[in-house]
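The figures here come from the full heavy-atom set of this structure, side chains too, leaving out hydrogens, waters and symmetry mates. The structure presented is a predicted model; accordingly, all values stated were derived computationally and were not measured. Along the sequence shown, residues are numbered consecutively beginning with 1.
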Amino acid sequence: MEKLLITICGRAGSKGFKNKNLKVFCEKPLVYYTLSAASLFKAARPDVQVDICLNTDSQALADLVAAKYPEVVFLPRGEALGGDTVPKMAVFQDSLARMENANGCTYDYVMDLDITSPLRTAKDVQNAFEMKASRPDLDLVFSVTESRRNPCFNMVRDCGDHVEKGIDNATYTARQQAPVFYDVNASIYVFRRDFLANNTTGILWDGKIGVSKMLDTGVLDIDSEEDFLLMEVIAGHLFKTLPEFAQVRDNIRE
């Protein structure tokens, strides 16, 4: 049986949006949406051994998770991994090493689910995992959305006193001619265990990467109160119109 470690990582506080990991989203704690999606994935894949851990320096977040999801292993985050400039991969590596040491096992994959992505369906999680599991040549699969702009056609870069084309040698006259670009939405990462464990740079691009597409309106970067409120409006619509989004909300433990 293959082994998967799901990591959920969150720092105490946030300079952009204070205590965003502790927010209540559409009347339920924000982190519970991620835990619900993880539990739906685990139930759908009994052929995979799934362990879930929370890596955080926030005792309030740890208590919130333990209140309804006591099976999630709490990994207190050390001060060295709490800074603004610490690569997320270092936190993933810390989680992997500690969980393997505690459980006496070697995982095949590590999946990270971002707390600030509440509009992630169970199918999104399954798609990302299945993409990586079916592609042993890939070191990493991460979630993306289709980009609404293209640097080869309708994006520009700031050159001080003027702007220029996003990509210098792009000569396309129609968007359809340009190469396809995606927005990396940071919702789901699925690593090949050895690539993650042996990485020394903290840079994702060192590996061969595949992508798993998600609905573009389902994920916004939550960096402000305005972003959060807008996401709640979108959530209200998706919960009413698309059952796969309502499933994650309705699966949250009471």
Side-chain angles (χ1 to χ4, degrees), residues 1-11 21 31 34-35 37-39 41-42 45 47-58 61-62 65 71-117 120 122 124-144 182-214 219:
M1 178 181 289
E2 290 188 310
K3 300 180 180 66
L4 168 67
L5 174 63
I6 295 179
T7 62
I8 300 171
C9 306
R11 290 193 301 122
N21 292 324
V31 67
T34 293
L35 292 163
S39 67
F41 170 80
K42 186 173 181 177
R45 293 300 302 265
D47 57 316
V48 179
Q49 178 184 315
V50 179
D51 296 326
I52 306 174
C53 69
L54 171 71
N55 190 313
T56 185
D57 55 354
S58 169
L61 181 61
V65 170
E71 72 275 17
V72 174
V73 178
F74 171 38
L75 300 176
R77 186 179 303 187
E79 186 175 342
L81 293 178
D84 293 336
T85 61
V86 175
K88 286 196 73 174
M89 282 185 69
V91 180
F92 302 156
Q93 290 172 322
D94 176 67
S95 302
L96 173 63
R98 292 164 70 182
M99 288 294 288
E100 287 189 338
N101 183 64
N103 293 333
C105 72
T106 300
Y107 291 99
D108 298 290
Y109 310 100
V110 177
M111 175 191 292
D112 183 71
L113 300 179
D114 193 86
I115 293 174
T116 59
S117 181
R120 176 204 300 112
D124 289 330
V125 180
Q126 292 177 41
N127 287 345
F129 177 77
E130 289 168 5
M131 165 70 81
K132 176 62 203 84
S134 68
R135 291 282 307 275
D137 61 308
L138 296 177
D139 296 307
L140 165 66
V141 168
F142 53 54
S143 57
V144 299
Y182 297 107
D183 291 333
V184 180
N185 65 15
S187 180
I188 307 168
Y189 294 91
V190 187
F191 293 91
R192 180 172 61 85
R193 183 265 178 205
D194 289 350
F195 168 71
L196 176 62
N198 298 327
N199 181 276
T200 59
T201 66
I203 298 174
L204 297 175
W205 310 109
D206 289 346
K208 183 177 181 180
I209 302 172
V211 299
S212 182
K213 289 189 285 187
M214 293 175 58
V219 181

**OP:** Quick one: do Phe74 and Val65 satisfy side-chain contact (heavy atoms from CB on, under 4.5 Å)? Show the steps, please.
**Re:** CA-CA 9 Å; Phe74 171 38; Val65 170; over 6 Å; no

Subject >> Worked check of side-chain contact (heavy atoms from CB on, under 4.5 Å) between Val144 and Asp183 >> reply: CA-CA 5 Å; Val144 299; Asp183 291 333; over 6 Å; no

**OP:** Please step through salt bridge (charged side-chain N to carboxylate O under 4.0 Å, His left out) for the pair Arg192 and Asp139, ending with a clear verdict.
**Re:** CA-CA 5 Å; Arg192 180 172 61 85; Asp139 296 307; 2.5 Å; yes

**OP:** Decide yes or no on side-chain contact (heavy atoms from CB on, under 4.5 Å) for Tyr109 and Val48, but give the supporting numbers first.
**Re:** CA-CA 10 Å; Tyr109 310 100; Val48 179; over 6 Å; no

**OP:** Run the numbers on Leu96 and Phe191 for side-chain contact (heavy atoms from CB on, under 4.5 Å), then give the verdict.
**Re:** CA-CA 11 Å; Leu96 173 63; Phe191 293 91; over 6 Å; no

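Residues Arg98 and Pro76 have side chains in contact (heavy-atom distance under 4.5 Å, counting atoms from C-beta outward). Side-chain contact check for Ile6 versus Lys42: every heavy-atom pair is 4.5 Å or farther apart. Between Lys208 and Phe195, the closest side-chain pair of non-hydrogen atoms is not below 4.5 Å. Contact of the Met111 side chain with the Val50 side chain is not registered, since no non-hydrogen atoms from C-beta on lie closer than 4.5 Å.
The two residues Tyr182 and Lys213 come nearest to each other via the heavy atoms CE2-CD, 3.6 Å. Heavy atoms only, all atoms of each residue included: Glu100 and Tyr107 are closest at OE2-N, 3.0 Å. Smallest separation of non-hydrogen atoms from Met89 and Asn199: CE-CG, 3.5 Å. When all heavy atoms are compared, the tightest approach of Asp124 to Ser212 is O-OG, 4.4 Å. The two residues Arg77 and Gly10 make their nearest non-hydrogen contact at NH2-N, 3.4 Å. Ile8 approaches Leu35 most closely through the heavy-atom pair CD1-CD2, 3.4 Å.
Of the inter-residue distances, the one linking Asn21 atom CG with Leu61 atom CG reads 6.0 Å to the nearest 0.5 angstrom. Rounding to the nearest 0.5 angstrom, the gap separating the CG atom in Leu4 from the CG atom in Asp108 is 9.0 Å. The distance from atom CG of Asp206 to atom CG of Asn198, rounded to the nearest 0.5 Å, is 12.0 Å. Residue Leu138 holds its CG atom at 7.5 Å from CE of Met131, rounded to the nearest 0.5 Å. Note that CG of Asn55 and CG of Leu75 are 5.5 Å apart. Values are rounded to the nearest 0.5 Å. Atom CG of residue Asp51 and atom OG of residue Ser95 lie 12.5 Å apart, to the nearest 0.5 angstrom.
Between the side chain of Lys3 and the main chain of Thr106, no donor-acceptor pair closer than 3.5 Å is present. Of the possible polar contacts, none joining the Ser58 side chain to the Arg11 backbone as a donor-acceptor pair under 3.5 Å is found. With hydrogens and angles ignored, the 3.5 Å screen pairs a side-chain donor or acceptor of Arg120 with a backbone N or O of Ser187. In terms of modelled atom types and a separation under 3.5 Å, the side chain of Gln93 and the main chain of Leu196 share a donor-acceptor contact.
Ring geometry, Tyr189 versus Phe92: the interplanar angle falls from 30° to 60°, so the pair is classed tilted.
Ion pair Arg45/Glu130 flagged as a salt bridge, since at least one NZ, NE, NH1 or NH2 atom sits closer than 4.0 Å to an Asp/Glu carboxylate oxygen.
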